[in-house]
Undergrad: 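Below is a structure I'd like to ask you about.
Letters A, B, ... are given to chains in the order of the sequence lines, protein chains preceding strands, and every chain is numbered from 1. As a basis for the values below, the full set of heavy atoms in this structure was taken, side chains included, without hydrogen atoms, waters or symmetry mates.
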There are 2 protein chains.
Amino acid sequence: MPVVQTPTPQPASPQEDADERILKAAGRLFREKGFAATTVREIAAAANMLPGSLHYRYASKDDVLLALMNRAVRRAMQAVRFAIGEVKDPVEKIRLGLRAHLELLCNGDDSLYVLLFDWRSLPAGAREGVERERAKYEAFWDGLLYEAHGSGKARPILDIELVRHFGFGAINWVATWYRPGGDRTPGQIADAMFAYLAYGLIHEPSRPADLDTHFAAIMAASFKSRS
Amino acid sequence: MPVVQTPTPQPASPQEDADERILKAAGRLFREKGFAATTVREIAAAANMLPGSLHYRYASKDDVLLALMNRAVRRAMQAVRFAIGEVKDPVEKIRLGLRAHLELLCNGDDSLYVLLFDWRSLPAGAREGVERERAKYEAFWDGLLYEAHGSGKARPILDIELVRHFGFGAINWVATWYRPGGDRTPGQIADAMFAYLAYGLIHEPSRPADLDTHFAAIMAASFKSRS
DNA sequence: GATTCCTTTGGGCGTATGGCCAAGACCGAT
DNA sequence: ATCGGTCTTGGCCATACGCCCAAAGGAATC
């Protein structure tokens with residue numbers, strides 16, 4: 001089972017380095033304490049600069065949040081696309097996509113968490129733009145689900161939007177209880193969730209006894225090789 | 001299919017009325033804008049009193065949040081217990097419990113939402129007490145799942161804690177996309193989620209063809225009679 | 001009608017916040 | 001060496017926040 005990795009960590013120019021430090025610090029603080037409870041002075045200090053320097057790059061605290069959220073959507077889309085790669089099996093695509101999404105959420109930077117859990121802090125004016133990008137990501141997932149559904153392996157009765165909502169819910173919620181030192185890696189958690197949900201969705205009338213075999217195989221493989 | 005309702009709306013004494021107004025207003029505002037972005041002046045105004053009066057009942061803003069969260073756990077536990085009532089079938093218990101939880105989250109007061117999504121705002125000192133009560137609620141659910149698992153209808157390989165996490169995730173996440181005027185009621189959504197997840201969990205080797213029948217029956221019944 | 005206790009009032013205090021800016025440092029290009 | 005633009009500095013300002021309180025109000029009891 002291949003390890004999912006993030007694509008192309010690009011080198012940092014000096015100014016991108018400062019921007020990067022700001023977003024990284026802001027992401028960590030927003031995730032820990034929430035947007036409103038974090039001060040620009042804290043962000044600046046964590047990014048090793050003075051408040052004025054931060055203001056030079058981002059005119060307002062809202063702009064930092066906006067940039068962070070836009071980056072989150074971009075990275076999520078990138079990570080999932082990269083993880084799927086050239087895989088053809090539509091069901092396997094979903095499993096790999098889930099892993100990538102969850103690994104980004106748990107081990108990647110904090111922007112995705114902030115996007116998901118600090119949504120209310122985004123000022124009404126800026127919401128529209130992020131919403132549009134986020135909708136693209138969701139549409140991308142709907143495409144994966146639609147493809148899997150069309151492959152004939154899924155239940156005939158399927159509300160794809162509802163399935164996506166449930167799937168996102170289960171997987172995003174992991175961020176609220178996952179602790180890095182635990183005995184399950186994000187990859188294992190994602191596989192387990194896939195197995196639980198999939199074998200409620202997948203319909204194989206011709207070989208009913210195999211259901212448990214498939215299920216057990218995914219679980220066993222995932223829990224044997226850590227990652 | 002019986003409509004799930006909230007138990008015993010108790011009458012209000014004059015002072016309880018003031019407390020109630022505060023918590024109700026605070027719940028709405030915390031849910032809309034988050035704890036940190038809400039001012040005590042706003043809460044007081046929404047509760048039709050002056051800031052000083054609010055301070056008389058709750059010494060600090062944190063205390064309001066604490067009271068709100070404790071109430072949320074209490075109400076959730078109460079609602080689920082009441083919904084289950086005297087039902088014996090362990091699987092049906094779970095379906096009814098899910099409905100009750102989701103209806104409280106979507107149609108009830110906002111305290112449950114705040115408990116779930118403003119967790120970070122709770123000051124470290126107060127966290128322990130709420131955590132303990134919340135753990136009881138989770139343990140209660142684990143009991144339901146354990147019972148259902150022990151009934152022999154579930155897959156032999158089952159990590160109950162993981163299943164609870166996934167279930168809570170899917171159901172709690174509904175609060176982020178549900179809109180009251182939509183074409184699905186919370187009850188329907190809960191039933192759909194139950195059906196999707198259950199028929200990945202339930203193992204009935206003796207009658208594989210019935211799987212879809214059961215699944216379709218739940219979905220059809222839920223979507224026919226609104227609520 | 002007087003006393004007591006609970007509740008509300010309206011305002012005020014100290015503080016920390018988000019945003020801003022004039023002056024200077026840095027650095028590659030000329 | 002000098003210039004021009006980019007970036008940083010350290011401090012400032014108006015605001016709005018959480019919290020507090022002395023005094024007044026109101027209701028029930030004796």
Undergrad: Expressed in angstrom and rounded to an integer, what is the separation of B:L29 atom CG from D:dC17 atom C1'?
TA: 16 Å

Undergrad: Expressed as a whole number of angstroms, how long is the span from B:K33:NZ to D:dA16:P?
TA: 13 Å

Undergrad: Between B:N48 (CG) and C:dT9 (P), how many Å, whole number?
TA: 10 Å

Undergrad: Whole angstroms only, please: what is the OH-P distance between B:Y58 and C:dT7?
TA: 13 Å

Undergrad: If a pair satisfies salt bridge (charged side-chain N to carboxylate O under 4.0 Å, His left out) and one of its residues is in residues 35-47 of chain B, list it, with sequence neighbours excluded.
TA: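 Counting only pairs at least two positions apart or across chains, the salt bridge (charged side-chain N to carboxylate O under 4.0 Å, His left out) contacts touching residues 35-47 of chain B are B:K33-B:E42.
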
Undergrad: Going by the angle between their ring planes, with limits at 30° and 60°, are A:Y137 and A:F140 parallel, tilted or perpendicular?
TA: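 A:Y137 and A:F140: parallel rings.
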
Undergrad: Can you list every ring-ring contact (aromatic ring centres under 6.0 Å, His included) pair that touches residues 50-78 of chain A, not counting sequence neighbours?
TA: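 Non-adjacent pairs meeting ring-ring contact (aromatic ring centres under 6.0 Å, His included): zero.
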
Undergrad: So does B:Y56 get a side-chain nitrogen or oxygen closer than 4.0 Å to the phosphate oxygens (OP1/OP2) of C:dT8?
TA: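 Negative; the distance criterion is not met.
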
Undergrad: Let me know the distance between CE of A:M49 and P of D:dT8, rounded to the nearest Å.
TA: 6 Å

Undergrad: In dot-bracket form, how is DNA chain D paired, counting a Watson-Crick or G-U wobble pair only if both its distances are under 3.5 Å and using | for bases paired to another strand?
TA: ||||||||||||||||||||||||||||||

Undergrad: To the nearest angstrom, how far is A:L54 atom CG from D:dC7 atom C1'?
TA: 13 Å

Undergrad: Going by side chain to side chain contact (heavy atoms under 4.5 Å, CB included), name the residues that satisfy it together with B:R31, two or more places apart in sequence or in a different chain.
TA: B:D110, B:Y113, B:V114, B:A175

Undergrad: Could you check whether B:E32 pairs with A:R120 (Lys NZ or Arg NE/NH1/NH2 to Asp/Glu carboxylate O, under 4.0 Å)?
TA: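 Between A:R120 and B:E32 there is no salt bridge, as every charged N stays at least 4.0 Å from the carboxylate O atoms.
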
Undergrad: Quick one: what's the B/S/- string for nucleotides 13-24 of chain C, heavy-atom cutoff under 4.0 Å, read 5' to 3'?
TA: ----BBBBB---

Undergrad: Can a salt bridge be assigned to the pair B:E133 and B:R74 using a cut-off of 4.0 Å between side-chain N and carboxylate O?
TA: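 Answer for the salt bridge query: no.
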
Undergrad: For B:D19 and C:dT8, give me the distance from atom CG to atom C1', rounded to whole Å.
TA: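 In whole Å, C:dT8 C1' lies 14 Å from B:D19 CG.
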
Undergrad: Measuring from the side chain of B:R57 (C-beta onward, heavy atoms only), which nucleotide among D:dT6, D:dG10, C:dT7 has the closest atom?
TA: C:dT7

Undergrad: In a check of ring-ring contact (aromatic ring centres under 6.0 Å, His included) between B:W173 and each of A:F117, A:F168, A:F166, which one passes?
TA: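 Result: among A:F117, A:F168, A:F166, A:F117 is the only option passing the ring-ring contact (aromatic ring centres under 6.0 Å, His included) with B:W173.
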
Undergrad: In whole Å, I'd like the distance from the CG atom of A:L50 to the P atom of D:dG10.
TA: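 Taking atom P of D:dG10 as the reference, CG of A:L50 is at 5 Å.
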
Undergrad: Within a radius of less than 6.0 Å around OH of B:Y146, do more than 12 heavy atoms belonging to other residues, nucleotides or ligands occur?
TA: no

Undergrad: I'd like a table of donor-acceptor pairs (distance under 3.5 Å, sequence neighbours excluded) in which one partner is a side-chain atom from residues 79-89 of chain A, with atom names and distances.
TA:
{"unit_1": "A:K88", "atom_1": "NZ", "unit_2": "A:E86", "atom_2": "O", "d": "3.4"}
{"unit_1": "A:D89", "atom_1": "OD1", "unit_2": "A:V91", "atom_2": "N", "d": "3.2"}

